[in-house]
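Working notes, beginning with the structure itself.
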Amino acid sequence: MPRPDPALDERDRAILQLLQQDGRLSNLELAQQINLSPSACLRRVKLLEERGLISRYVMLLDEKAVGLPGTAFVLVTLDQQGRAALDAFEAAIQRHPEVTECCLLAGSADYMVRVAYADAADFERIHTDILTQLPGVVRVQSTLALRTVKKTTALPV
């Protein structure tokens, strides 16, 4: 378990945990759950936002329900690792909504890309028409997820 941020007290941690579970909690509901007045709770939430601990509020969709039950993890190797090559790849990858996550790596591959897809034909399209056509790509190695065992957006605070 990570060491807690000393600048966060138990109420701040409780706010962060509750909002990670349900970002639609009203301020009144949140205040009741952490035993604070609504105005004090709102002040704390605003401070957490200003400090950058809360970066945004989002809605999470069910992949299967929207017709994208497949997940692939793709290792991408570029022909160069200079700043210009990395910038060109990173700018290009932003334009593809099928790519749900992209991480620069230290290791044998340069990037790991998470892709959401509908079926085998859709993944082939993404592989052939998108991933292999990105700037500087010389190799892609795909691994298809059979089943998701754990997936969370919550961080341990």
Side-chain angles (χ1 to χ4, degrees), residues 1-10 12-25 30 33 44-157:
M1 181 98 169
R3 289 196 317 228
D5 180 340
L8 293 176
D9 64 18
E10 288 307 310
D12 289 337
R13 283 188 187 80
I15 289 170
L16 294 173
Q17 289 168 352
L18 289 165
L19 287 176
Q20 285 186 104
Q21 292 170 18
D22 183 359
R24 292 183 67 183
L25 278 176
L30 184 60
Q33 289 191 43
R44 282 179 177 259
V45 170
K46 294 295 181 197
L47 283 171
L48 292 168
E49 291 171 349
E50 288 170 12
R51 290 175 54 198
L53 286 148
I54 298 173
S55 64
R56 62 186 172 158
Y57 297 87
V58 299
M59 173 181 49
L60 301 176
L61 301 178
D62 181 285
E63 295 94 340
K64 291 177 184 157
V66 298
L68 298 169
T71 299
F73 297 93
V74 183
L75 295 174
V76 176
T77 304
L78 303 182
D79 59 355
Q80 300 176 43
Q81 287 75 38
R83 182 79 265 153
L86 299 178
D87 289 346
F89 176 84
E90 291 173 13
I93 200 95
Q94 298 294 329
R95 295 191 286 273
H96 299 285
E98 301 90 343
V99 174
T100 60
E101 190 171 1
C102 178
C103 299
L104 178 64
L105 302 177
S108 59
D110 297 308
Y111 290 92
M112 183 174 68
V113 177
R114 179 188 301 227
V115 175
Y117 63 93
D119 54 28
D122 190 35
F123 183 70
E124 181 181 4
R125 174 192 64 81
I126 293 165
H127 178 276
T128 304
D129 297 343
I130 296 173
L131 298 175
T132 60
Q133 302 306 308
L134 291 166
V137 171
V138 293
R139 182 169 187 232
V140 295
Q141 181 180 353
S142 302
T143 301
L144 305 183
L146 298 177
R147 177 169 49 97
T148 300
V149 176
K150 178 180 179 180
K151 182 177 180 181
T152 183
T153 59
L155 296 175
V157 291

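Values below: every heavy atom of this structure, side chains too, minus hydrogens, waters and symmetry copies.
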As an exercise, state the distance from [atom1] of [X] to [atom2] of [Y], rounded to the nearest 0.5 Å.
| X | Y | atom1 | atom2 | answer |
| --- | --- | --- | --- | --- |
| Asp22 | Leu19 | CG | CG | 8.0 Å |
| Ile15 | Glu10 | CD1 | CD | 11.5 Å |
| Asp129 | His127 | CG | NE2 | 10.5 Å |
| Leu60 | Lys151 | CG | NZ | 8.0 Å |
| Thr148 | Lys64 | OG1 | NZ | 7.0 Å |

Please examine the side chains of [Y] and [X], heavy atoms only from C-beta on, and report whether any two atoms are closer than 4.5 Å.
| X | Y | answer |
| --- | --- | --- |
| Val157 | Gln17 | yes |
| Arg51 | Leu8 | yes |
| Leu105 | Leu75 | yes |

Closest heavy-atom contact between [X] and [Y]?
| X | Y | answer |
| --- | --- | --- |
| Ala145 | Phe73 | CB-CE1, 4.2 Å |
| Leu78 | Ala85 | CD1-O, 4.2 Å |
| Gln33 | Leu25 | NE2-CD2, 3.8 Å |
| Asp119 | Tyr117 | O-CD1, 3.2 Å |

Requested in this report: Go through the steps for Leu16 and Arg13 under the test side chain to side chain contact (heavy atoms under 4.5 Å, CB included), then give the verdict.
Outcome: CA-CA 5 Å; Leu16 294 173; Arg13 283 188 187 80; 5.6 Å; no
For residues 86-104, which side-chain N or O atoms pair as donor and acceptor with protein atoms under 3.5 Å away, sequence neighbours left out?
{"residue": "Asp87", "atom": "OD1", "partner": "Arg83", "partner atom": "NE", "Å": "2.9"}
{"residue": "Asp87", "atom": "OD1", "partner": "Arg83", "partner atom": "NH2", "Å": "3.2"}
{"residue": "Glu90", "atom": "OE2", "partner": "Tyr111", "partner atom": "OH", "Å": "2.6"}
{"residue": "Glu98", "atom": "OE2", "partner": "Arg125", "partner atom": "NH1", "Å": "3.2"}
{"residue": "Glu98", "atom": "OE2", "partner": "Arg125", "partner atom": "NH2", "Å": "3.2"}
{"residue": "Thr100", "atom": "OG1", "partner": "Arg114", "partner atom": "O", "Å": "3.4"}
{"residue": "Glu101", "atom": "OE1", "partner": "Arg114", "partner atom": "NE", "Å": "3.3"}

Query raised in the report: Checking Ser142 side chain against Val74 main chain: does a donor-acceptor pair fall under 3.5 Å?
Result: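 No.
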**Report entry** Test side-chain contact (heavy atoms from CB on, under 4.5 Å) applied to Thr77 - qualifying residues, sequence neighbours left out
**Finding:** Ala109, Asp110, Val138, Arg139
Requested in this report: Kindly write out the residues that satisfy side-chain contact (heavy atoms from CB on, under 4.5 Å) with Val149, not counting sequence neighbours, or none if the list is empty.
Outcome: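 Testing Val149 for side-chain contact (heavy atoms from CB on, under 4.5 Å), a comparison that skips the adjacent residues, returns Arg147.
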Requested in this report: Decide if atom CD of Glu124 counts as having more than 12 heavy atoms of other residues, nucleotides or ligands within a radius under 6.0 Å.
Outcome: no
Query - Atom CG of Leu61 with >12 non-hydrogen neighbours under 6.0 angstrom - result: yes
Requested in this report: Under the side chain to side chain contact (heavy atoms under 4.5 Å, CB included) rule, what do Asp12 and Leu48 come out as? Steps first, then yes or no, please.
Outcome: CA-CA 8 Å; Asp12 289 337; Leu48 292 168; 4.3 Å; yes
